[in-house]
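Worksheet for the structure shown next.
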There are 2 protein chains.
Amino acid sequence: MEEAVRKMRIKAGRRTDIRRAREEAILAAAEKVFAEAGFGGATMQLIADMAGMPKANLHYYFATKEDLYRRVVENIFTIWLKAADCFDNAADAAAGIGGYIEAKMEISRRHPFGSKVWASEVMHGAPVIQDYLETALRGWTEGRMRAIQRWIDEGQIAAVDPRHLLYMIWATTQHYADFGHQIETLNAGKPLTDRQWRAAIDSVREIILRGIGALPPAPGKP
Amino acid sequence: MEEAVRKMRIKAGRRTDIRRAREEAILAAAEKVFAEAGFGGATMQLIADMAGMPKANLHYYFATKEDLYRRVVENIFTIWLKAADCFDNAADAAAGIGGYIEAKMEISRRHPFGSKVWASEVMHGAPVIQDYLETALRGWTEGRMRAIQRWIDEGQIAAVDPRHLLYMIWATTQHYADFGHQIETLNAGKPLTDRQWRAAIDSVREIILRGIGALPPAPGKP
DNA sequence: GTAGGTCTTGACCATACGGTCAGGAAAAGA
DNA sequence: TCTTTTCCTGACCGTATGGTCAAGACCTAC
């Protein structure tokens with residue numbers, strides 16, 4: 001193949017099937033290992049074993065451990081931001097915020113490893129994605145805060161601080177992934193069942209929505 | 001000094017002043033380094049530098065890195081559990097839960113490093129404090145859940161799931177420590193002021209208390 | 001003062017880790 | 001089939017790390 005053609009291919013983002021499959025396998029293994037051991041505790045050998053290939057092959061696809069880690073974190077961030085869709089296309093405050101809570105709980109359930117990697121990255125001062133925090137995340141946050149403020153102005157919800165409402169949603173939903181081990185231990189050592197997940201989602205949504213006055217007060221109270 | 005006297009001294013917990021001071025200095029440095037770099041990323045050299053002593057001296061007081069780490073985690077856990085006092089000596093549900101939220105927010109503010117170490121430990125599967133989770137934490141949790149259930153039965157708060165209420169409190173309050181860097185970034189890169197901390201605490205307490213029906217619905221709403 | 005303990009520390013060691021590389025296998029064009 | 005490119009991998013390397021140790025400094029009780 002001519003050099004020019006190869007470059008065009010890469011530029012067009014059309015890599016070999018092999019390359020795509022291998023990169024995905026490595027990224028999946030890396031996500032798990034980084035989540036379970038942290039960046040410092042993770043080793044290329046562990047990731048290679050989990051991906052079922054020799055260590056040298058990892059360095060063929062990803063130059064350094066940092067590169068691999070960065071790709072993992074970027075993937076998570078993308079998923080994280082995408083959950084915002086439920087926020088925007090909502091009819092009212094209860095649907096918007098409730099849908100967002102549900103979406104984030106679903107992420108915690110489906111991508112526990114990714115959530116942990118993200119948490120770890122932020123906890124350690126966001127050494128590799130500080131720029132994302134300052135641009136994408138800041139912009140996203142300001143947009144949602146405006147949306148919440150609009151709902152407040154319209155009288156749909158109580159006059160809470162939109163910022164702290166967002167933090168509470170993030171914290172609570174991600175807790176079910178990041179502290180999943182603790183939750184499991186407190187659940188007789190067993191992972192949450194479908195029914196228990198449903199109960200968790202409903203509890204979280206109910207308390208928060210009622211907390212911001214988007215639901216009528218609980219019945220059966222004096 | 002005779003061997004017997006020395007042993008009595010140690011048994012009585014009365015070590016040398018020097019020993020106590022050094023151990024404290026090392027523990028403080030270790031807490032910070034473990035929080036910022038994770039267990040795997042932390043090095044004994046870094047901790048030694050931060051504590052202002054040569055690395056070999058660390059190993060004189062703490063046999064291994066694991067020992068040192070375990071001591072740090074145990075210290076945190078103690079603080080963590082002690083916050084429960086506000087829970088027990090409360091006149092009613094609003095005071096009990098509100099006080100607990102306030103206490104946990106204060107911990108997040110005063111011990112951000114410890115909170116991060118704890119979060120990191122649990123996120124990675126609690127390799128060194130699994131026994132604590134299964135004994136002390138489980139017992140503590142069950143006790144508080146009973147207290148909450150009693151408040152529900154007495155009609156003081158709505159019929160929420162006590163377990164998920166506790167998780168929400170833990171998640172939200174610890175978020176201000178564990179994700180402090182993200183919060184700071186979203187606060188124009190500046191740490192929260194006293195006033196902002198006050199607003200955060202009030203927001204959290206208000207939303208949660210109203211969410212469980214321990215506060216009257218927000219005023220000024222249709 | 002001095003004996004017997006505690007504390008300090010530079011030098012050292014074995015290991016494990018991230019990363020490299022050369023050379024071969026496999027696939028993709030021509 | 002022959003050539004070119006991509007993919008694979010065992011062996012290897014320099015370095016950083018956790019941990020050791022022996023020798024000395026420093027206290028403290030008598």
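Residue numbers begin at 1 in each chain, while the letters A, B, ... track the order of the sequences.
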Going by side-chain hydrogen bond (donor to acceptor under 3.5 Å, both in side chains), name the residues that satisfy it together with His181(B), two or more places apart in sequence or in a different chain.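 Here the qualifying residues are Gln130(A).
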For residues 95-104 of chain A, pull every pair meeting side-chain hydrogen bond (donor to acceptor under 3.5 Å, both in side chains), keeping only residues two or more places apart or in separate chains.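 The answer is Tyr100(A)-Trp170(A), Glu102(A)-Arg198(A), Glu102(A)-Arg205(A), Lys104(A)-Gln174(A).
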Can you pull the side-chain hydrogen bond (donor to acceptor under 3.5 Å, both in side chains) pairs that have at least one residue in residues 38-52 of chain A, sequence neighbours excluded? Gln45(A)-Asp49(A)
Output one letter per nucleotide in nucleotides 7-22 of chain C: B when a protein non-hydrogen atom lies under 4.0 Å from the base, S when only the sugar-phosphate is that close, - when neither is. BBBB------SBBBB-
How many whole angstroms separate atom CZ of Arg20(A) from atom C1' of dC7(D)?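 The answer, rounded to whole Å, is 16 Å.
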For Arg109(B), enumerate each residue passing the side chain to side chain contact (heavy atoms under 4.5 Å, CB included) test, keeping only those at least two apart in sequence or located in another chain.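 Only Asp194(B), Trp197(B) meet the side chain to side chain contact (heavy atoms under 4.5 Å, CB included) criterion with Arg109(B).
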For residues 110-134 of chain B, which residue pairs qualify under salt bridge (Lys or Arg N to Asp or Glu O under 4.0 Å), counting only residues two or more places apart or in two chains?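 Qualifying pairs: Glu106(B)-Arg110(B).
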